[in-house]
Participant: 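Have a look at this one.
It should be emphasised that the depicted structure is a prediction, and the values quoted were computed from it without experimental measurement.
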Amino acid sequence: MAAYAYHNNRSHNSFIGHRPYHFVDPRLLNPSCFVVSQQPICLINPNLVPYNPPPLVFVPLHPSVSFRMEEERSLSLRQLMTDEGLVPSTDEEEKRKIVIEKLKQIVMAWAKKVAWQRRLPKQQIGETSATILTYGSYGLGVHGSESDIDALCVGPYFATMAEDFFVVLRNMLKSRPEVTQIHCVKDAKVPLMRLKFDGILIDLPYAQLKVLSVPENVDVLDPFFLRDIDETSWKSLSGVRANKCILQLVPDLEKFQSVLRCIKLWAKHRGVYGNVSAMCLTLNGFLGGVHLAILVAFVCQTNPAGSMSSLIISFFETFSFWPWPTPVILQDPASPAGGYHTETRSFMPIQLPSSSHEYCHSNITRSTFYKIRTEFLRAHNLTRDLWRPDFDWHILFEPFPYSRKYARFVKVYLSASNQDELGDWVGWVKSRFRSLILKLEEVQGLCDPNPSEYVDMDVQEPNVVFYWGLQPGKTNYPDIESVEKDFSKNIHNGYQGSPGRMELSIVQASELSKNAEFDTGTGKRTKACWKIFDYHQPRIPLYSQHLPHYFVGYVEAKGDTKYPSAGS
């Protein structure tokens, strides 16, 4: 593709030529307005009044000059990746591989133990097996040194989630010296165990296949293994299936991984990245890892020969002008072309590549949609300047200046009597954040839910604080008491543990805690986590339904028999 540079009459800066702006849309500059266009937009105003930019003078660049400059930009980008520590060291990689291998050995022994409890014939006990499949950032090969691991336990037809996964396997894991902080998460669309193995946080959901033996690298796209599985197992498999499809569909895996690492860094620093919860939703209404992976894969497909730097330029240009809510769909030569299942519940529908009827779950709201679009446009405008001699990638990745951008903030203060209860409480409240964002939109207009978590060091009790920027809206003094009252009802409905404290207040930028590093991109980001077992409650022993008098663990005296909790 020929490269061009152009000069405008005001800046006289040279940069790559993309489509020029034809119109200006005040709605994108005024947060009190909102629009979802059915057609591609180039910053359109309500009256479609053309904006005549300064005349452009296109100057062709020699192909060799263009190639050399692209290589230099890509090299500087890779250096930035190294400086930011986006690629884990060899030792860190080896540690993760060892952890996964140990997990595979444990679930293999678990499958045989459960088969013995089921009194299966000796030959079948010898043949049965289970395995571990990784997905998420680790499965895509874009994890960092501090990333957790999403690992799916895939078991045979006789190993149930209620008794065998949540009780037998949990007890086996708990007995290992490498395993700490093990919790069960049942109040989710995808129930899972969350644990630390050799210090690495692992999310472990479960899928039950209708087979006796699960191959070590089972093909989760093979209809043979997917026949007659239950809905929970299907949901648990969706992440692995999406990962496998993405890896198969990208034309150049190394470029895809490098670009995705950079885009994730950009999204985190600009405050538009949200960790995906156990419910497969981004809790704060922004883009999760799977959303970004599909968007990057789409750009890699449409620009198969692009360099690393040109792919990043194309990413921001593509999605700055994407005609949402038209869905983003990866091209799959193996799948028949022809339409798509309409997704009406999302502002930014992104189809899972493993199914034409499934979309990435999203909590995106009017506020977060506006913030994401604004950041896409900012990044597009910056990367248009790529050919400037003094171009610096660090400008693109500058942390979002919350304390300078907003004059007022909603302060969400969460506390509990101890650290364990705080983790459960914070995880539960975060899972209900979307309802709080929607309520704030109703009374205020737009808000910017900063994903970072902070700690108020002036308070003795364990706490977590969120500061959400408030755009100028309907009122300078929203009725935060009524918002807090409504949200309190929401979060106390269905919570099984000991509820902590939640307070909402409006603070001025000048009142922000000095301990919170708002504009550095270093705020703590954690996944939601809450336990399903309170060790202070009465427990009753659970015995195998298939092997009389064989003890498998404890359940709560008033517990849920569908997914019983395990004791030690």
Participant: Considering non-hydrogen atoms only, spot the tightest contact between L212 and T128 and give its length.
Facilitator: O-OG1, 2.8 Å
Participant: Applying salt bridge (charged side-chain N to carboxylate O under 4.0 Å, His left out), can you list everything that pairs with K244, at least two apart in sequence or on another chain?
Facilitator: D219
Participant: For a quick test of reading the model, state the closest non-hydrogen atom pair linking P353 to I294 and the distance between them.
Facilitator: CD-CD1, 3.8 Å
Participant: For E93, what residues pass the side chain to side chain donor-acceptor pair (under 3.5 Å) criterion, not counting sequence neighbours?
Facilitator: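 Residues passing side chain to side chain donor-acceptor pair (under 3.5 Å) with E93: H143.
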Participant: Hey, could you give me each pair passing ring pair (Phe, Tyr, Trp, His ring centres under 6.0 Å) that has a residue in residues 217-248? Not counting sequence neighbours.
Facilitator: none
Participant: Are the side chains of Q208 and I229 in contact, using a 4.5 Å heavy-atom criterion?
Facilitator: no
Participant: Is there a side-chain contact between M108 and T131 (heavy atoms, below 4.5 Å)?
Facilitator: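 No - every pair of side-chain heavy atoms lies 4.5 Å or more apart.
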Participant: For W266, run the ring pair (Phe, Tyr, Trp, His ring centres under 6.0 Å) check against F316, F397, F319, F400 and tell me which one passes.
Facilitator: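 Looking at F316, F397, F319, F400, the match for W266 under the ring pair (Phe, Tyr, Trp, His ring centres under 6.0 Å) is F316.
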Participant: Mind checking the CG-CG spacing from L140 to L292? Nearest 0.5 Å is all I need.
Facilitator: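 Interatomic distance, L140 CG to L292 CG, rounded to 0.5 Å: 11.0 Å.
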Participant: Provide the closest heavy-atom pair for V211 versus R227 in the form atom of the first, atom of the second, distance.
Facilitator: CG1-NH1, 4.2 Å
Participant: Against the six-membered ring of Y157, is K210 placed for a cation-pi contact (under 6.0 Å from the centre, within 45° of the normal)?
Facilitator: no
Participant: Mind checking whether N243 and D150 have side chains closer than 4.5 Å, heavy atoms only?
Facilitator: no
Participant: Using only heavy-atom distances, determine whether the side chains of S307 and S309 contain a donor-acceptor pair under 3.5 Å.
Facilitator: yes
Participant: Donor-acceptor pair, E453 side chain versus F466 backbone, under 3.5 Å?
Facilitator: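 Checked: no pair found.
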Participant: Can you see whether S233 engages S236 through a side-chain donor-acceptor pair at a distance of less than 3.5 angstrom?
Facilitator: no
Participant: With R432 as the cation and W428 as the aromatic partner, state whether NZ or CZ is under 6.0 Å from the six-membered ring centre and within 45° of the axis.
Facilitator: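 Relative to the ring axis of W428, which defines the angle, R432 lies inside both limits.
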Participant: Do the non-hydrogen side-chain atoms of F256 and I246 ever get within less than 4.5 Å of each other?
Facilitator: yes
Participant: Closer than 4.0 angstrom, basic N to acidic O: yes or no for R118 and D164?
Facilitator: yes
